Protein chains: 4
Amino acid sequence: MSSVQRGRPRSEAARLAILTATRDLVIERGFDGLTVTAIAERAGTGVQTLYRWWPDKAAIVAECVLENVVDIDLITAPDTGDAAADLRVWIRDSYDRLAAPPASALFRALAVAAAKDSRVSARLDEQLGAPLRSALTTLLTRGIAAGRVRSTVDVDATADVLLGAMMIAIVAMQQPSASRAEAIADVILGGLLAD
Amino acid sequence: MSSVQRGRPRSEAARLAILTATRDLVIERGFDGLTVTAIAERAGTGVQTLYRWWPDKAAIVAECVLENVVDIDLITAPDTGDAAADLRVWIRDSYDRLAAPPASALFRALAVAAAKDSRVSARLDEQLGAPLRSALTTLLTRGIAAGRVRSTVDVDATADVLLGAMMIAIVAMQQPSASRAEAIADVILGGLLAD
Amino acid sequence: MSSVQRGRPRSEAARLAILTATRDLVIERGFDGLTVTAIAERAGTGVQTLYRWWPDKAAIVAECVLENVVDIDLITAPDTGDAAADLRVWIRDSYDRLAAPPASALFRALAVAAAKDSRVSARLDEQLGAPLRSALTTLLTRGIAAGRVRSTVDVDATADVLLGAMMIAIVAMQQPSASRAEAIADVILGGLLAD
Amino acid sequence: MSSVQRGRPRSEAARLAILTATRDLVIERGFDGLTVTAIAERAGTGVQTLYRWWPDKAAIVAECVLENVVDIDLITAPDTGDAAADLRVWIRDSYDRLAAPPASALFRALAVAAAKDSRVSARLDEQLGAPLRSALTTLLTRGIAAGRVRSTVDVDATADVLLGAMMIAIVAMQQPSASRAEAIADVILGGLLAD
DNA sequence: GGCTAAGCGAGACGGTACGTCGTGTCTTAGA
DNA sequence: TCTAAGACACGACGTACCGTCTCGCTTAGCC
C-alpha cells in the first residue's frame, strides 16, 4: 500500500522536542502567552518544522495535551467487585488527575483551543471524551448488572456532567480539594432528590 | 465630589452601536474572528471610542454578552409549590438558554475571553455564576424544607456540576437537544445510584 | 479638489527617519544585507509604516537614493562661455560625484534594485536619467551653437554612454581616480578616431 | 597522484540539465524569481546535486550565463583591413549581442549576482571583461598602427565606456535598436567635439 | 456670542505574532 | 561515491491585529 520511503525521514527528536517545549510553555504562560516562535526556539527547531506537521498552534497544543493527559491511563475503570465504590473512586480519581496541576494548566489551554477551533474540539471529544464515556459505560453497565445503578441512566449525559464538573474547576482555576472531589462525586452519584 | 459635567457628553448611540456590532460579529465569527477595527467599522465609530470606554476587546465582549445573556432573567427561580418540579424546570431552562444558539456562541466567546483575562473571569463569576448559585440555593433550600431534596447536598458542588454541563455543551459546540437537557436534569436530580 | 484632511496625518518624522536609516544601512551593508526590519528598528518605527507608504524594500531604496543623490544638484550644467570646457567639466564632475563614496554605495544599491524591479528602473530613468539628459542637451545645444560640438551628436546615446561609464565604475567598485575621470571625459569628448 | 576514480561518477546529464533549467528560468523570471528548488525540479535533480558542484545559486547563474553568452565567440575582433570599420562593426556587434534579448536577461541576472557576490564579480571580469578588453586592445592597436585611431586613447577607459553603455541598456531594460547601436558606436568612435 | 472642555470619526503609528518562502545542510534509500 | 527525494535550522518577508496617538470637527456648559 505505502510506497517506498523516500527522502529524509521525519525527525522524531524534533517532534518530541516540540511537544515537550509546548507542554512547558503552556504551563508557564498559558495558551495565549504561547508563541510558535517560542516553541521553535525552546525546541531547537525551525518554525517551518512546526507548520510542516501541524496546521497551527492549536493543533500542537491539542496533540501535546492529549498525549500527556491521556497517557496517564487514568481512564481504565477499576474493578474491585463493589460497583458503587468503583464508580465513586473512578469519578474522584478522574477529577483529581485532570483538575490538579500540572494537568489542569494543560487542560485549560486545551479548553481555550477547543473553544476557538472546532477541529480541536472534535479531537478533544474523540481522544478524551470517547475513552471517558467508554470507561463510564463499562462502570455503569457493571453497576446496573449488580443492581447498584439505576437502569435508566443516560451515559452521554452523565459523561457531560462529569467532564463539565472538571472543566469548571479547571477553567475557573479553583484549587481542587479532596472535599470538593468528594462533594461532586456525591452529587453525581446520589443526585439531589431525597429517597 | 464629582465635578460638574463638562464637555460633550458620551454618545449613548455609539455605545449601543458598539455592543450590537460586537454581538453580531461574535455570533458570525467567534471571539477570534473578532476585530476591534471590525467592531468600530460596523458600529460606525472610531476605534478610539471603544478604548475610551472599555479597557480592551475582552471587556467589550464581557459587557455585551453578560448584558444580552443575563438580561434574559433566566436566573430567577420558579416557584410553583412543587419544589422538585421547580428544580427540574429551572435546570432544564438554564441549560437550554445558555447552551443553545445564539447564546452559546456568545457564551463561548465569553469563555475564551475569561480564559485570557482574569478580570473577565471575575466578572463572569459575579454576574453569571453568583446569580445562578443564588437561585440554586433558593431552590435547594426550598426543596430541603419541603423534604424533597437531600439535606446533605453541597450547593457549590451542584452549581459546578450544572455549570460544567453547560460549559461542555458550549465548548464542544454540541447541538443541544431537548432530550439531552432532560437527561442532564435527570442525572443531576436523581444521581446514578439505584434507590 | 482635495477633500478635507481626515485622520492623523502622515508623520514626516517617521518618513525622514526611514530614509535616513535606509541610507545608513545601505552604505553599511549594501542592498542585499538590507532588511526591512533593520530599517524599521533603526528608524524607530514599525514595519507596517514602511509598507504603508512604500510597496517594498526596492522602492524605499529608490526614493532614498534618488533624494540623496539628485538633491546634490550636480545636474545643472555650468556656463562659463567656453562650451567645450563646460562639457568636460560637467562630465568629470558628474562622474566624480556619482562614482565616489558614499554616493557610489547608494548608487550601487540602486543599480541592484533597478535590475530586480522594473518600476525602480523606470524611476531611475525618470529621476536621474532624464535630468542628466536634459542638462546634457543644454550643454550640447550650446556647444553646437558655438560650433564646438558636432551637430550630428545623438543626445540619448551620449547620455547612455556617460551614465554607463559611471555605472561600470560603481558596480565594479573601482576606486574612481582623477585620471580615470579625465580619460573617460577624453574618450567621450574626443572619440577614438584620429582627426 | 590522483587516486583511482571511486563510486558513482558525476552525472554530466544532471550538470547540463541544471544549466539549461537555470538559463530558461532566468529568462522567464529573472534572478530574483529564480529558486534553487525550481532549478532542481525543472532539471529533474535533487537540490543537493546543485550544491555538490556549485557553492551557491550565484555561481550556477554565473557559469550558466558565461557559458551561454561568451561561448558565442562574439569577442573575437574582425579584421578586414579597414581598422576603423572593424572597430565600428565590433562595437555594434558587441552591443547588439549583449544588450539584446535573450542575452540581456541573462546578463542582467549576472549583474545582480555580481553585485552580491564578489567571486562572481571577479569571474565576470575575468571571463567577460578581460576578453573584451583584450579584443579592444587588438583593435585599437591595429587602428593606431593604421593611423586611424588617436594614439592617446586609453584602452581601459574606452572599455569602461563601452561596457557601461551596454550595462545601461541591460539594467534599464531598454529595447535595443539598430539605430541606438549605431548612435553609440558613433559617439564612442567620433566623440562629441567638432573636428 | 465667545470660551473651554471633552467626545467623536478617521486613520497613522509602534509593536508583536503570524504563516510562508527561500537558502544551504542534512539524512535516508537506491544506483 | 553519486543520485533523487525531501526534512531540517535559519532568517527575511509581508500581513494582521492591538492599543495609542493625533488630526479636524462637534457638542455641550459657562461666562
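Note that the structure is a prediction, hence the values are computed from the model and not measured. All chains are named by letter (A, B, ...) in the order of the sequence lines, taking the proteins before the strands, and each is independently numbered beginning at 1.
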(message) Between B:Lys57 and B:Asp117 (salt bridge meaning N to carboxylate O under 4.0 Å), is one present in this structure?
(response) no
(message) So D:Ile39, base contact, sugar-phosphate only, or nothing? Heavy-atom distance under 4.0 Å.
(response) nothing
(message) Base, sugar-phosphate or nothing for B:Trp54? Non-hydrogen atoms, less than 4.0 Å.
(response)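 Here B:Trp54 touches no strand at all.
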I need the [atom1]-[atom2] distance between [X] and [N], as an integer number of Å.
| X | N | atom1 | atom2 | value |
| --- | --- | --- | --- | --- |
| A:Leu50 | E:dT20 | CG | P | 12 Å |
| D:Arg10 | E:dA31 | CZ | C1' | 18 Å |
| B:Glu41 | E:dG11 | CD | C1' | 11 Å |
| C:Lys116 | F:dA12 | NZ | C1' | 12 Å |
| D:Trp53 | F:dT1 | CH2 | C1' | 9 Å |
| C:Glu12 | E:dC13 | CD | C1' | 15 Å |

(message) Any N or O donor-acceptor pair under 3.5 Å from the base of F:dC8 to the side chain of A:Arg8?
(response)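 When only heavy-atom distances are counted, A:Arg8 does not reach the base of F:dC8 through any donor-acceptor pair under 3.5 Å.
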(request) May I ask you to verify whether the side chain of A:Gln48 and the base of E:dC21 hold a donor-acceptor pair under 3.5 Å? (result) yes
If only side-chain N and O atoms of [X] are considered, is one of them under 4.0 Å from the OP1 or OP2 phosphate oxygen of [N]?
| X | N | answer |
| --- | --- | --- |
| C:Arg6 | F:dC25 | no |
| B:Thr35 | F:dC17 | yes |
| C:Tyr51 | F:dG14 | yes |

(message) Cation-pi check for C:Trp53 against C:Arg10: NZ or CZ below 6.0 Å from the six-membered ring centre and within 45 degrees of the axis, yes or no?
(response) yes
(request) Find out whether B:Arg23 and B:Glu28 are in side-chain contact, i.e. whether some heavy atom of one side chain is under 4.5 Å from a heavy atom of the other. (result) no
(request) Go through B:Arg123 and B:Gln127 one step at a time and tell me if the side chain to side chain donor-acceptor pair (under 3.5 Å) criterion holds. (result) CA-CA 6 Å; B:Arg123 192 163 169 187; B:Gln127 293 192 242; 2.6 Å; yes
(request) Return yes if some donor-acceptor pair links the side-chain N/O of D:Arg108 with the main-chain N/O of D:Ile170 below 3.5 Å, else return no. (result)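 Yes; judged by distance alone, with no hydrogens or angles, the pair exists.
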(request) Return the 5'-most residue of the pair D:Val47, B:Gly44 with respect to DNA chain E, ranking by each residue's nearest nucleotide. (result) B:Gly44
(request) Between A:Pro55 and C:Thr45, just flag the one whose closest nucleotide in DNA chain E comes earlier from the 5' side. (result) C:Thr45
(request) Please figure out whether B:Thr37 or B:Gly7 has its closest DNA chain F nucleotide nearer the 5' end. (result) B:Thr37
(request) Using heavy atoms to find the nearest nucleotide of DNA chain F for A:Thr49 and C:Lys57 separately, return the residue whose nucleotide is more 5′. (result)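 Its nucleotide being nearer the 5' end, the pick is A:Thr49.
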